[in-house]
Participant: 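Let me begin by handing over the structure; questions about it come next.
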Amino acid sequence: MDISKKYNHIIVAYTLIVYIFFSLNLIFKFDLMWGLNHLLFIKEPIAFLFIIPFTIVFLSTRFIKESFWENLLEKKMYYLIFVSNLSFSIFILAFTTFLYFFRIETFFLGDGYAWIANFSNPEFFLIKPTEFLSSYIIRGVQFLLGANSKETSLLAFQIISIFSGVLFFFNLKNIINIIFDNKQVKVFAFLSFLFSGLTLLFMGYVEFYPILWMSTSLYVYFGLKSFTSSKYLVWGILFFIITLLMHAQAIYLSFGFIYVLVWRKFDIDKTKRYVKKHITQVSLISTVLSLATIYIMYQNNKISQILLPLFSSNPENPSYFVFSFMHLLDILNLILLLFPMLIVFAIIFILDFKKIKFDTFSIYLTSSSIGSLLFLLFINPYIGFARDWDLMSMTLFLPILLIFYLIEKTQIKLSGSSIIIVLFLSLTFTSSFIFLNIDKNKSLSRYESILFSRQGLQFRPGWTILFNYYIENSLPKKATVLQNEMKSRFIDYYKFNNAYTFIDSGKYQDAYTISNYLTKAYPKNIDFIQLRGSIFMEMQNFDSAQYYFEKALQIQSTYPPVLKFYGDLLLRKGDYKTAITILEKGKSVSHGRTDIVELLASGYIRFGKIDKAIEIAKTFYLKDKQSPSYYIISMFIYLQNKNKEKAVYHYQKFLEFGKDRDDYEQIKHDFAFLTNVSQ
């Protein structure tokens with residue numbers, strides 16, 4: 001049998017098997033297969049609309065002549081996408097319209113709700129170092145839209161998301177024209193990305209990843225162009241830096257970027273001969289260096305926090321580590337969602353490895369793909385790929401381009417019918433995925449399934465997002481059920497909360513017993529280390545408290561709760577200058593969290609900078625003339641100035657407006673003497 005026919009048979013068989021598995025979601029519940037279980041949440045008869053078209057197309061390829069499909073791809077589709085500027089312009093316009101009118105309305109995937117809240121704050125917003133430039137671009141668009149509010153926050157993300165999608169596909173066309181010569185492969189590559197689940201990122205998706213795709217495509221375009229002319233090298237360097245500032249995960253593109261910089265001095269044939277001659281030594285050295293690098297990274301406390309454990313060593317998520325079943329299953333799901341055929345093509349090239357000829361483009365794509373796949377394998381997704389698929393999506397961009405490049409260069413002749421079947425499989429997956437996420441109820445059901453089906457994965461933020469959604473949308477029964485589920489799943493965190501109850505009631509030994517258990521069971525958990533510091537602080541053991549707060553900040557230097565407690569400790573120690581520095585940082589990274597800002601005002605008062613405290617108090621007053629924070633800070637200011645009459649007035653106002661605060665009774669008790677003064 002001709003080798004190309006053999007491969008086409010394998011591809012068709014694989015496509016049919018995956019499609020059958022997709023269709024079986026109408027009968028069986030494949031909760032963990034979030035990459036293709038979309039029919040679980042689409043009720044009949046609508047679900048059949050996502051099954052019947054593929055069946056018709058598949059059967060058509062069996063009866064219609066191959067020449068028809070070849071002509072469709074190599075002449076008609078090729079002309080419309082790569083030759084006619086008019087038709088491509090119409091496509092861009094239609095695509096933009098589609099992205100706008102079908103933009104998503106719920107933001108369970110990624111950290112959408114958190115980012116909307118963050119950018120809704122008119123004065124402060126969290127700037128994550130990992131998304132430095134992206135944050136300022138969103139804020140800049142908000143500025144053009146007017147006030148910083150929930151509405152402008154959402155609209156800014158949507159504008160950037162849609163714009164990024166349009167520019168990405170424009171760049172993709174140019175990238176494909178540089179890499180490929182074969183018309184069929186060009187069409188196959190372009191439509192594979194268009195029919196991929198990544199399209200959802202450009203449908204008003206609230207996250208920074210859409211802009212990362214756009215920026216990366218610009219870097220890849222100019223990186224490839226620099227191989228043809230050195231004048232493009234500066235642009236390649238510029239867009240690599242910009243992409244890195246957009247999102248720090250772009251660091252994995254460094255392998256390919258280094259090759260761009262040195263390729264003119266790189267003798268491919270000479271290197272191939274050397275590697276072939278010294279393959280054992282090269283393999284051994286590479287293995288040792290890789291293991292040493294991994295070891296060093298895991299020894300570094302800060303770096304190890306973003307890496308998945310190599311083995312089942314994480315007490316919070318014992319079933320989720322590098323080569324765990326759940327992690328590998330998530331990778332499979334991501335592949336099915338973005339490019340279902342990647343696995344079968346990868347197997348084909350592994351079996352036929354000797355036919356692969358390395359040249360400039362293949363080395364660039366391979367080196368870039370190595371970094372991508374290492375990121376995919378070792379970086380810890382915050383809640384598992386089901387919610388953080390957007391974080392990992394970019395890791396498949398270069399590997400997919402590499403797959404298509406190898407298809408062309410190994411001269412595997414894919415039949416037109418095989419390509420049509422593969423493309424329609426991707427379109428079927430993606431259309432059902434998009435249909436789910438533009439419907440509020442269906443997207444909610446899908447997210448509930450993600451959380452409840454992932455036993456053993458203790459990612460609390462995802463549960464908190466869902467709980468808040470229930471409360472905000474008046475679903476109290478669901479909120480109660482979820483809260484009970486959270487209590488059973490996160491029992492140690494409820495012990496953690498109980499410890500603070502013991503601290504408030506002065507039962508420090510009981511709190512210490514809980515803390516002792518938690519820090520032994522979870523030695524790198526920042527909340528539990530902070531708890532230990534809080535206990536020592538209340539026991540007046542300030543040195544021990546400072547040790548634990550600083551230990552917690554070594555894990556995450558921008559964690560607002562620790563910055564708050566550490567600032568409070570320094571105020572108690574009388575180190576007002578350092579306390580103000582710590583609390584200013586806490587104010588910045590928490591986008592003006594009230595309890596931190598109140599402590600900061602207290603620090604300024606004690607440090608003698610009353611004007612700064614007055615400025616903070618006015619900020620609260622301008623937002624809300626009944627702000628308890630305004631009155632409590634003003635009370636402190638007047639006490640410092642020994643103006644008891646005005647201190648009493650503001651204390652009484654606090655008692656009137658601050659009844660909903662958790663610390664109301666404590667403040668009422670601590671300043672009860674002002675009631676006596678007023679009498």
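In what follows, residues are counted from 1 in the order of the sequence shown. This one's a predicted model, so the numbers in the text were calculated from it and none came from an experiment.
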Participant: Less than 6.0 angstrom from the centroid, inside 45 degrees of the normal: does K173 satisfy that with respect to the ring of F88?
Facilitator: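 Relative to the ring axis of F88, which defines the angle, K173 lies inside both limits.
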
Participant: Identify the heavy atoms of Y259 and S367 that sit nearest to each other, and give their distance.
Facilitator: CB-OG, 4.3 Å

Participant: Can you see whether F385 has R387 sitting over its ring - NZ or CZ less than 6.0 Å from the centre and within 45° of the normal?
Facilitator: no

Participant: Using the ring of each side chain (for Trp, its six-membered ring), is F157 parallel, tilted or perpendicular to F208, with breaks at 30° and 60°?
Facilitator: tilted

Participant: Taking side-chain hydrogen bond (donor to acceptor under 3.5 Å, both in side chains) as the test, write out the residues that go with D390, two or more places apart.
Facilitator: Y205

Participant: Assess the pair H38 and F433: is the distance between their ring centroids shorter than 6.0 Å?
Facilitator: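 Under 6.0 Å, so yes.
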
Participant: Go through it in stages, so that I can follow the logic: the residues are E70 and K76, the test is salt bridge (charged side-chain N to carboxylate O under 4.0 Å, His left out), and I'd like the CA-CA distance, side-chain angles, deciding distance and then a yes or no.
Facilitator: CA-CA 9 Å; E70 299 283 355; K76 294 181 180 178; over 6 Å; no

Participant: Ring-plane angle category for Y447 and F108, please: parallel below 30°, perpendicular beyond 60°, tilted otherwise.
Facilitator: parallel

Participant: Counting the benzene-type ring for Trp, do Y19 and F58 have ring centres under 6.0 Å apart?
Facilitator: no

Participant: How about F163: does its CZ atom have over 12 heavy atoms from other parts shown lying under 6.0 Å from it?
Facilitator: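 For F163, atom CZ is not crowded (no more than 12 foreign heavy atoms under 6.0 Å).
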
Participant: I need the minimum non-hydrogen distance between M392 and I379, along with the two atoms involved.
Facilitator: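 Heavy-atom minimum between the residues: CE-O, 3.5 Å.
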
Participant: Do the numbers put R103 on top of the ring of F101, so that NZ or CZ is under 6.0 Å from the six-membered ring centre and no more than 45° off the axis?
Facilitator: no

Participant: Would you call the rings of W235 and F239 parallel, tilted or perpendicular, where under 30° means parallel and over 60° means perpendicular?
Facilitator: parallel

Participant: Under 30°, 30 to 60°, or over 60°: which ring-plane class applies to Y364 and F227, parallel, tilted or perpendicular?
Facilitator: perpendicular

Participant: Do the ring centers of F193 and F339 come within less than 6.0 Å of each other?
Facilitator: no

Participant: Output every pair passing salt bridge (Lys or Arg N to Asp or Glu O under 4.0 Å) with a member in residues 430-443, not counting sequence neighbours, ordered by first then second residue.
Facilitator: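 Matches after skipping sequence neighbours: E105-K440, D439-K442.
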
Participant: For a quick test of reading the model, state the closest non-hydrogen atom pair linking V322 to L308 and the distance between them.
Facilitator: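 That would be CG2-O, 3.7 Å.
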
Participant: Could you check whether the rings of F95 and F91 sit parallel, tilted or perpendicular, using 30° and 60° as the cut-offs?
Facilitator: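 Aromatic pair F95/F91 classed parallel.
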
Participant: Can you list the steps and then say if K186 with D181 is a salt bridge (charged side-chain N to carboxylate O under 4.0 Å, His left out)?
Facilitator: CA-CA 7 Å; K186 283 186 176 185; D181 298 315; 5.9 Å; no

Participant: Hey, what do you get for OG (S164) to CH2 (W213), rounding to the nearest 0.5 Å?
Facilitator: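 Answer for the OG-CH2 pair, S164 versus W213, is 12.0 Å.
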
Participant: Is the ring pair H327/Y320 parallel, tilted or perpendicular, if the boundaries are 30 and 60 degrees?
Facilitator: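 Judged by the thresholds at 30° and 60°, the geometry between H327 and Y320 is perpendicular.
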
